Engineer: 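There's a structure below that I have some questions on.
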Amino acid sequence: MYQKLVLLFSIFFVINGFAQKVTVSAGNIEIYENFPSTYISTRNVSVWLPENYYPKKKYAVLYMHDGQMLFDANTTWNNQEWGVDECLTNLARTGKIKNVIVVGIWSNYASRHADYFPQKPYDSLSIDQKATISASLQEAKMTIEQFKPNSDAYLKFIVEELKPFIDKTYSTRKEMQSTFMAGSSMGGLISMYAVCEYPTVFGGAACLSTHWPGTLSTENNPIPEAFFNYMQTKLPDPKTHRFYFDYGTATLDAQYEPFQIQVDHILKEKGYSTENWLTKKFEGADHSENAWRERLSIPFEFLLAK
């Protein structure tokens, strides 16, 4: 079973045997270590509560991937963070967003790519295409064995195990219109996939620097087309759902614009407009937490506006 560690403004957890202090600027973090699951490997879950959290109020819920990268650069592998607590606190203090809590789902390094890779688009590929993808991911050291996505199980964990726990433990708005997903890179893909697979659970997604290639190669890559075909048939009703996408133009993000243009075309075809869909291009922005932090207020305000 998991252990719950709670401190106001800071918490402690252990990485590689060393105690690390995680500090947030405002609010409260509760960490559930080794949250159990029958679907996926155990992992830590962070729950961020805003300042003046009051159980008699009701709060929207934002589920975010790569939860260990969200709050404190002093404890991350690359000394960068999203700055989620600072961003949401500033937006709340200025009255721009509704009350919200954040559930940060930590990623496991060994399974991250499989957990976040949309499974049904992958399953639509031929045997030869799957073999090519596996070889590409093995060459990039993103998988060791034959690649097989695990994202359907990952989403079952969130919907059937984690969300009921969050809704029971905290004062949440349980309805789809108040439940959102957010992530970057592969986390952007799984956020899009979650809304399409569970449109009655999630009302929208923020997908930053979405990794449409799925691998590190764009040549003769069937993955983006599989994603596009999936979205053509599975995008939910634009009257009830919202999508935010963005991309930079440097480092890995430099690959994304041609793919995002095709995604934007599909969204238009499916009836999405500026009321329920936003795509932003950020010149010079690279593929990093620092870059996402700089623009995080845009998707947060888009999804959580009062």
Side-chain angles (χ1 to χ4, degrees), residues 1-37 42-93 97-109 112 157-158 161-174 178-184 187 191 206 208 289-290 292-293 296-297 299-300 303-304:
M1 288 293 290
Y2 53 79
Q3 293 179 327
K4 177 178 171 183
L5 308 177
V6 184
L7 282 176
L8 186 63
F9 299 118
S10 67
I11 60 95
F12 290 88
F13 65 95
V14 176
I15 293 181
N16 296 328
F18 296 97
Q20 301 286 317
K21 182 180 179 181
V22 177
T23 302
V24 294
S25 296
N28 184 20
I29 286 187
E30 302 185 355
I31 299 289
Y32 298 89
E33 289 189 321
N34 299 317
F35 197 100
S37 174
T42 61
R43 62 202 59 212
N44 295 345
V45 173
S46 307
V47 179
W48 179 80
L49 307 176
E51 56 187 6
N52 301 320
Y53 172 80
Y54 184 50
K56 290 190 176 180
K57 291 182 180 179
K58 291 293 184 180
Y59 294 78
V61 184
L62 177 62
Y63 290 86
M64 297 189 69
H65 311 287
D66 293 311
Q68 67 269 40
M69 306 299 295
L70 304 180
F71 300 107
D72 187 354
N74 293 319
T75 62
T76 62
W77 69 271
N78 61 358
N79 297 315
Q80 296 184 34
E81 58 159 301
W82 286 60
V84 169
D85 49 318
E86 292 93 340
C87 182
L88 286 176
T89 298
N90 289 336
L91 290 172
R93 286 175 178 173
I97 60 171
K98 62 182 73 173
N99 295 328
V100 64
I101 69 172
V102 176
V103 180
I105 308 163
W106 294 31
S107 54
N108 286 346
Y109 176 78
R112 181 180 183 272
F157 157 67
I158 297 173
E161 296 175 330
L162 182 58
K163 186 178 188 298
F165 171 80
I166 296 297
D167 288 339
K168 180 181 178 181
T169 307
Y170 301 96
S171 182
T172 65
R173 296 190 181 279
K174 301 174 178 61
S178 298
T179 309
F180 305 98
M181 277 275 182
S184 63
S191 297
L208 287 73
E289 283 78 14
N290 284 343
W292 302 322
R293 177 177 182 143
L296 194 55
S297 62
F300 279 176
L303 289 181
L304 299 166

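Predicted model only: the values in this text are computed from it and were never measured.
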Engineer: Quick one: are Phe165 and Val45 in side-chain contact, heavy atoms under 4.5 Å?
Structural biologist: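 No; the side chains remain at least 4.5 Å from each other.
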
Engineer: How far apart are the closest heavy atoms of Gly183 and Ser191, and which atoms are they?
Structural biologist: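 That closest heavy-atom pairing would be N-OG, 3.4 Å.
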
Engineer: As an exercise, state the distance from NZ of Lys98 to OG of Ser178, rounded to the nearest 0.5 Å.
Structural biologist: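 That separation rounds to 4.5 Å.
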
Engineer: Determine whether Asn44 and Phe35 make a side-chain contact, defined as any pair of heavy atoms from C-beta on separated by less than 4.5 Å.
Structural biologist: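 Side-chain contact under 4.5 Å: no.
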
Engineer: Rounded at 0.5 Å granularity, tell me how far CG in Leu91 sits from OG in Ser297.
Structural biologist: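 Rounded to the nearest 0.5 Å, the CG-OG separation comes out at 6.0 Å.
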
Engineer: Any side-chain to backbone donor/acceptor pair from Asn79 onto Asn74? Under 3.5 Å, distance only.
Structural biologist: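 No: the side chain of Asn79 does not pair with the backbone of Asn74.
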
Engineer: So which heavy atom on Ile101 is nearest to which on Pro50, and how close?
Structural biologist: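 Distance-wise, the nearest heavy atoms are CG2-CD, 3.9 Å.
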
Engineer: Show, in sequence, the C-alpha distance, side-chain angles and deciding distance for Phe300 and Val102, and conclude whether the side chain to side chain contact (heavy atoms under 4.5 Å, CB included) test is met.
Structural biologist: CA-CA 11 Å; Phe300 279 176; Val102 176; 5.8 Å; no

Engineer: Please give me the minimum heavy-atom distance between Leu304 and Ala60, naming the atom from each residue.
Structural biologist: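 So the two residues come closest at CD2-CB, 4.4 Å.
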
Engineer: Are Trp82 and Leu296 close enough that some pair of their side-chain heavy atoms sits under 4.5 Å apart?
Structural biologist: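 Contact flag for Trp82/Leu296 side chains = yes.
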
Engineer: Quick one: does Thr89's side chain have a donor or acceptor within less than 3.5 Å of a partner on Glu86's backbone?
Structural biologist: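 No: the side chain of Thr89 does not pair with the backbone of Glu86.
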
Engineer: Quick check: does any side chain N or O of Asp167 sit under 3.5 Å from a backbone N or O of Lys174, one acting as donor and the other as acceptor?
Structural biologist: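 Not a single qualifying donor-acceptor pair exists.
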
Engineer: How long is the gap from OH on Tyr63 to CD1 on Ile158, to the nearest 0.5 Å?
Structural biologist: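 Spacing of OH (Tyr63) from CD1 (Ile158) equals 8.5 Å.
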
Engineer: Quick check: do Ile31 and Trp106 have side-chain heavy atoms less than 4.5 Å from each other?
Structural biologist: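 They are in side-chain contact.
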
Engineer: Gln68 and Ser107: side-chain donor and acceptor closer than 3.5 Å?
Structural biologist: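 Judged by distance alone, the side chains do pair up.
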
Engineer: Measure the NZ-OH distance between Lys58 and Tyr170 for me, rounded to the nearest 0.5 Å.
Structural biologist: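 Reported to 0.5 Å precision, the distance equals 14.5 Å.
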
Engineer: Within the side chain of Thr169, is there an N or O that forms a donor-acceptor pair under 3.5 Å with the backbone of Ile166?
Structural biologist: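 No; judged by distance alone, with no hydrogens or angles, the pair does not exist.
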
Engineer: Do Trp77 and Met69 pass the side chain to side chain contact (heavy atoms under 4.5 Å, CB included) test, and can you show the C-alpha distance, the side-chain angles, and the key distance before you say yes or no?
Structural biologist: CA-CA 8 Å; Trp77 69 271; Met69 306 299 295; 3.5 Å; yes

Engineer: Rounded to the nearest 0.5 Å, what separates atom CD1 in Ile29 from atom CG in Asp85?
Structural biologist: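 Spacing of CD1 (Ile29) from CG (Asp85) equals 6.5 Å.
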
Engineer: Does any N or O in the side chain of Tyr59 come within less than 3.5 Å of the main-chain N or O of Tyr54, such that one atom is a donor and the other an acceptor?
Structural biologist: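 Yes: the side chain of Tyr59 pairs with the backbone of Tyr54.
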
Engineer: How long is the straight-line distance from CG of Leu70 back to CG of Leu62, given to the nearest 0.5 Å?
Structural biologist: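 It comes to 9.0 Å.
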
Engineer: Can a donor-acceptor pair be found, under 3.5 Å and without considering hydrogens, that links the side chain of Asp72 to the backbone of Thr23?
Structural biologist: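 Checked: pair present.
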
Engineer: Check for a donor-acceptor pair, side chain of Trp48 on one end and backbone N or O of Ala26 on the other, with a separation under 3.5 Å.
Structural biologist: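 Answer holds: yes.
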
Engineer: Can you check whether Phe180 reaches Val100 side chain to side chain, under 4.5 Å on heavy atoms?
Structural biologist: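 A side-chain contact is absent here, since even the closest heavy-atom pair is not under 4.5 Å.
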
Engineer: Judged by modelled atom types alone, do Asn78 and Glu289 share a side-chain donor-acceptor pair under 3.5 Å?
Structural biologist: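 Distance-only check passes for Asn78 and Glu289.
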
Engineer: What pair of heavy atoms forms the shortest contact from Phe157 to Pro36, and how long is it?
Structural biologist: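 Smallest interatomic distance, heavy atoms only, reads CE1-O, 4.3 Å.
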
Engineer: Any sub-3.5 Å donor-acceptor pair from Asn99's side-chain atoms to Thr172's backbone N or O?
Structural biologist: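 No, the answer is negative, given that no donor and acceptor are paired below the 3.5 Å cut-off.
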
Engineer: Kindly determine whether His65 and Arg112 satisfy side chain to side chain contact (heavy atoms under 4.5 Å, CB included), including the steps that lead there.
Structural biologist: CA-CA 10 Å; His65 311 287; Arg112 181 180 183 272; over 6 Å; no

Engineer: Give the intermediate values and the outcome of side chain to side chain contact (heavy atoms under 4.5 Å, CB included) for residues Val103 and Val61.
Structural biologist: CA-CA 7 Å; Val103 180; Val61 184; 3.8 Å; yes

Engineer: Indicate whether any N or O donor in one side chain lies under 3.5 Å from an N or O acceptor in the other, for Glu161 and Ser37.
Structural biologist: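 Short answer, yes.
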
Engineer: Is the backbone N or O of Lys56 less than 3.5 Å from a side-chain atom of Ser171, with the two atoms forming a donor-acceptor pair by type?
Structural biologist: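 No.
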
Engineer: I need the minimum non-hydrogen distance between Ile105 and Arg43, along with the two atoms involved.
Structural biologist: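 Taking Ile105 first and Arg43 second, the nearest heavy atoms are CG2-CD, 3.8 Å.
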
Engineer: At their closest point, which heavy atom of Gly67 faces which heavy atom of Ser46, and how far apart are they?
Structural biologist: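 That would be O-OG, 4.5 Å.
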
